[in-house]
Amino acid sequence: MIRYKTPEEINIMREGGKILAQILQSTAAQVESGKTAKELDATAEALMQQYKVDPLFKGFEGFPAVSCISVNEGVVHGIPRDDLVLTEGDIVSIDAGIRYKGLCLDSAITVPVGAIDSEVQKLLDVTRESLSRGITASVIGNTIGDIGYAIQSYVESQGDYGIVRSLVGHGVGYELHEEPQVPNFGKAGKGLELQPGLVIAIEPMLSLGSYDVDIADDGWTIKTSDNSLSAHFEHSVAITTDGPIILTKV
Ligand code: MG
Ligand code: MG
């Protein structure tokens, strides 16, 4: 069942989303060679306490931290371990969710550790832009398939990237994960028609190689099967009569 949000709820989610964006930006600002994933998570957790928002990931199906920190071939769900030390040239995805005044927000960014290769920078740029294309397609009268199509057709125009298929975006608000699923590929005009009050997390995950993924030895981290580098960007977005509203931005 899809649970549409009222304009008042969307306003609350915009306030909460601003806070989550600040938390992600401030955590990303701590990324440097020699830092551990656990230290980044500690920063995010301290900020959540400071803003008096509840972490959504900690305890979710037993997840041990407030953020997922996924490095290089890690796609999503990376555990912020203290033996995971960032090194110049790595890319690190920071994914976090909060509950604010009863409503859930979910967002992720991927940032470089120091200088990175130009093809890796392009992976980040194409992933970020594909999210933007998906958001632009999130208008009333379009469908979930139009969002996936916008992401997929842009990515395919940019080169030979893997678009992860087994993980998808989702409805968000009363819970972290709600219906509908929002794939990062699709056919124009197919699937659920977008209506005002639908709030979705759109989250393209791209790789420099195959789109196949596996679970890493830690039992949590989803990584590319061919160990190619992977990037992930996510926003929670409200569909409204005024167009799509990016909730998780400063
Ligand atoms: Mg997320
Ligand atoms: Mg999500």
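Just follow the structure's listing: the first ligand is 1, and inside any ligand the first atom is 1.
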Undergrad: Going by atom type alone, with no hydrogens or angles, which donor-acceptor pairs under 3.5 Å involve a side-chain atom of residues 142-151 and a protein atom two or more places apart or on another chain?
TA:
unit_1 : atom_1 : unit_2 : atom_2 : d
Asn142 : ND2    : Ala137 : O      : 2.8
Thr143 : OG1    : Gly145 : N      : 3.2
Thr143 : OG1    : Asp146 : N      : 3.1
Thr143 : OG1    : Asp146 : OD2    : 3.2
Thr143 : OG1    : Lys190 : N      : 3.4
Thr143 : OG1    : Lys190 : O      : 2.7
Asp146 : OD1    : Gly189 : N      : 2.9
Asp146 : OD2    : Thr143 : N      : 2.8

Undergrad: Could you count the protein N, O or S atoms found under 2.8 Å away from the Mg ion (ligand 2)?
TA: 4
Undergrad: Are any of the side-chain nitrogens in Glu179 or Arg3 under 4.0 Å away from the carboxylate oxygens of its partner?
TA: no
Undergrad: Run the salt-bridge test on Glu178 and Lys5 with the 4.0 Å N-O cut-off and return the result as yes or no.
TA: yes
Undergrad: Which residues satisfy the side-chain hydrogen bond (donor to acceptor under 3.5 Å, both in side chains) test with Arg14, sequence neighbours excluded?
TA: none
Undergrad: Check side-chain contact (heavy atoms from CB on, under 4.5 Å) between Asp82 and all other residues, then give those that pass, not counting sequence neighbours.
TA: Lys38
Undergrad: Quick check: His77 with Phe60 (ring centres under 6.0 Å apart)?
TA: no
